[in-house]
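In each ligand, atom 1 is the first atom listed, and ligand 1 is the first ligand listed.
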Amino acid sequence: MDTALVWFRRDLRLDDNAALQAALAAHDRIVALYVHAPEEEAPWMPGAASRWWLHHALQTLAGRLADRGAALHLAQGPSLAALRNAARAVGAAAIYAQRLYEPAAAERDRRVAGALQRDGIPVHFVSGALLAEPPAVVTGAGTPYRVFTPYWRTARALLRPRAPWTAPPRIPSTTLDGALPLAAFGLLPAIRWDAGFTTAWQPGEAGAQDALADFLGAPLREYADARDRPDQVGTSRLSPHLHFGELSPNQVAHAVLQAAGRLGTGARQGAEAYLRELGWRDFSQYLLHHNPSMADTPLDPRFERFAWDPRDDHAQHRWQQGRTGIPIIDAGMRELWSTGWMHNRVRMLVASFFTKNLRQHWLDGARWFWDTLVDADLANNAQGWQWTAGCGVDAAPYFRIFNPVTQGLKFDPHGHYVRRWVPELAGIAVPLVHQPWQDPDLLRRTGYPAPLVDLADTRAAALAAWKSLGG
Ligand SMILES: Cc1cc2nc3c(=O)[nH]c(=O)nc-3n(C[C@H](O)[C@H](O)[C@H](O)COP(=O)(O)OP(=O)(O)OC[C@H]3O[C@@H](n4cnc5c(N)ncnc54)[C@H](O)[C@@H]3O)c2cc1C
C-alpha cells in the first residue's frame, strides 16, 4: 500500500481539488496535512480577520474529511521540516499540493520541493487556484500583458471550464501521530470582536457552495447592473471562499455558464460580466507573478517620489473607525469593521479618499484592509490599492478623484446603505444623508462629525501634488 501526502494550503475543499484528485489517482491512500507556516515564509502574515476565517475553514475541512473516513492533520512550520517529518512517519511516496503564485510562497515551494526531491520524495504542484496559468496568457510577441482588456480577451478565449470533480464518499487514508489540535494555532481573537462575522458568514466548503447556489438565480441575471450598488445584494460575496479555495474558480465559472444557459439571454450578460471579475482576480495574481515586489512598491515607478502627506495618525484613525464625517466613506469602513467585507464600489471610494483627499500612503490603507478583510488577498489587495491610488498598471489615473457625494447619490440613490451602517443618520433623507454638513443643525442634533477635510480643497491639493510629479 503506498501513501501520498496531500498538503492543503489555499484549497480548503474536497470537491474539484486537483491535488487530492491527483494523489488518489496515483496512490492507494492519502494523509491530509495543513502546515501553519511561520513569518519567514510569508512576509504578509494573515491578518486578524483572515485568521478568524482560516480557523473555521480548517474546522469545516476536518469535518468533511472525517465524514469520508479521513483526518486533517495539523502541524506547525517551518513547512520543510513539517513535511519531511510527516512524509517519513507515514513512508510517503510523494506529496501533492495546489500551486501558489505569491512570490514568497512560490520561492518557499521551490526550496521545499528541491530539498524533498533530494530525500527521494517528489513534490507535485498542480493547477487549480486560477482560471488560467500565468504563462498561458501572453501577447502575440510572447510577453506578459500589462493592460487588463487585451489580457482578458486572450484569457477569455482560452477559458473552457470543465465539469468539476466530486470527492469520493470514502477517502482511503492512514493516520499520523503527533498532530496538533486546531486551538494550538491560536487563530481566534482573544477579545471576541467577531459577533458580526459569525452572522455574516459561513466559512468552509458547504457555506461556499450555498453562497454560490444563492447567486445563480436572479442575482446572476441582474449582476451586470446591480454589481455597482452597495445598497443591494448585487454581488456574489464569494471572495473569501475563493481566497481560501473553498471553491475553485473552475467550479464557479462552470456553474455560472451552466446557469446562464438555463436562465437565458439576460443571464448570459450577467455571466460575462461576472467571468470578467474572475478575470480581474486572475489578472491580479498574474501581475504579482510578473512583478514580485507589487505588494510593497508602486508598479508605476514615478510614484516612488510622490509627495504623500506625512503619516497622520489622527486622520488614519478617523478613517479606520468610520468617523471621517463623509457618510459613504464611514458606512464602508464600519461595514468592514463589523463584517470583514466591503462592497467593491465602496472599497474604491474609501481608498480614493485615503490616498487622494487625505493623501496618505496607499500601503497604510492596504495594511488596514489586510488586517480587517476576511477576503484579504495579497494580489487583489495590492492591485485594488494601486489601481485606485493611480500607481498601478492600467490604473485609474491619479487625477481622477472620486467625489464621495456624487458617487453616493449615484450608487446609493435612496441612502439605504449609508443609513444601515451609520445609524446616526437613520432619519435623514437624500440628498442630505450624503452631505449632512450642509445642515449644521443636523450635525449638532445627531452627533455625526463634521467632515475631517474639505473635499474640494483636498482635491485641489492632490491635483497639485500630481502635477509636481510631471503628471
Ligand atoms: C482597494 C481595494 C482593495 C481590494 N482588496 C481585495 C482583497 O484583499 N481581496 C479580494 O478578494 N478582493 C479585493 N478587492 C477586489 C473586490 O473589491 C472584491 O474582490 C469584491 O468586492 C468581492 O466581493 P464579491 O465576492 O461579492 O465580488 P463579485 O462582484 O461577486 O465578483 C466575483 C469574484 O471576482 C473577484 N473580483 C471581483 N472584483 C475584483 C477586483 N476588482 N479585483 C480582483 N478580483 C475581483 C473576487 O474573487 C470575487 O469574489 C479590492 C478592491 C479594491 C478597490
Side-chain angles (χ1 to χ4, degrees), residues 10 44 46-47 49-50 53 102 129-131 148 151-152 155 200-201 207-208 211-212 214-216 219-220 222-230 232-249 251-253 255-256 270-288 294-295 319 329 332-333 335-336 339-356 360 362-392 394-396 402 407:
R10 290 228 310 278
W44 285 72
S50 299
W53 191 287
E102 284 90 353
L130 299 178
L131 293 173
F148 177 73
Y151 163 87
W152 181 237
W201 301 104
L212 175 60
D214 287 347
F215 179 68
L216 294 178
L220 174 62
E222 280 142 36
Y223 181 77
D225 295 325
R227 59 176 289 271
D228 263 327
R229 292 284 297 269
Q232 300 176 358
V233 185
T235 67
S236 68
R237 297 171 65 101
L238 285 178
S239 48
H241 299 295
L242 279 163
H243 171 77
F244 286 96
E246 298 163 4
L247 283 170
S248 70
Q251 274 174 298
V252 178
V256 160
E272 282 310 315
Y274 190 82
L275 292 177
R276 193 179 157 86
E277 295 310 312
L278 289 181
W280 269 105
R281 176 180 178 273
D282 264 33
F283 187 55
S284 303
Q285 290 282 342
Y286 180 91
L287 286 176
L288 183 58
M294 170 183 140
W319 177 80
I329 304 297
M333 297 309 292
E335 180 182 27
L336 173 61
T339 69
W341 186 86
M342 192 195 298
H343 187 279
N344 180 61
R345 168 69 36 186
V346 190
R347 290 188 204 205
M348 295 194 290
L349 299 181
V350 304
S352 169
F353 181 78
F354 189 84
T355 53
K356 295 174 181 176
Q360 296 292 290
W362 64 272
L363 259 175
D364 285 345
R367 285 198 193 96
W368 181 253
F369 267 34
W370 182 254
D371 200 34
T372 52
L373 278 171
V374 286
D375 64 23
D377 180 277
L378 198 58
N380 280 355
N381 198 38
Q383 193 275 121
W385 275 93
Q386 293 221 30
W387 187 92
T388 316
C391 57
D394 194 16
F402 284 118
Q407 288 278 311

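Within the structure, the closest approach of Arg227 to ligand 1 does not fall below 4.0 Å when heavy atoms are considered.
In this structure, Asn381 contributes its side chain and Ala366 its backbone to a donor-acceptor pair below 3.5 Å.
At a 3.5 angstrom cut-off on N or O pairs, Ser284 does not count as close to ligand 1. Ligand 1 has no N or O atom lying under 3.5 Å from any N or O atom of Ala351, backbone or side chain. When only interatomic distances are considered, the shortest N/O to N/O separation between Asn344 and ligand 1 falls below 3.5 Å. Of the N or O atoms in His343, none lie within a sub-3.5 Å distance of an N or O in ligand 1. Any N or O atom pair closer than 3.5 Å counts here, and Trp280 shares no such pair with ligand 1.
For atom 20 (C) of ligand 1, the candidate residues are Arg281, Glu277, Arg347; the nearest heavy-atom contact is made by Arg347. In this structure, of Ser50, Ser239, Gly234, the residue bringing a heavy atom nearest to atom 49 (O) of ligand 1 is Ser239.
Ligand-side atoms of ligand 1 in range of Leu242: 47 (O), 49 (O), range being under 4.0 angstrom from any heavy atom. Heavy-atom contacts of Met348 reach the following atoms of ligand 1: 53 (C) (cutoff under 4.0 Å). Ligand-side atoms of ligand 1 in range of Gln383: 42 (N), range being under 4.0 angstrom from any heavy atom.
Nearest protein heavy-atom contact of atom 43 (C) of ligand 1 is Asn380 OD1, 3.3 Å.
Under the 6.0 Å cut-off for aromatic ring centres, Phe283 and Trp152 do not qualify, their centroids lying 6.0 Å or more apart.
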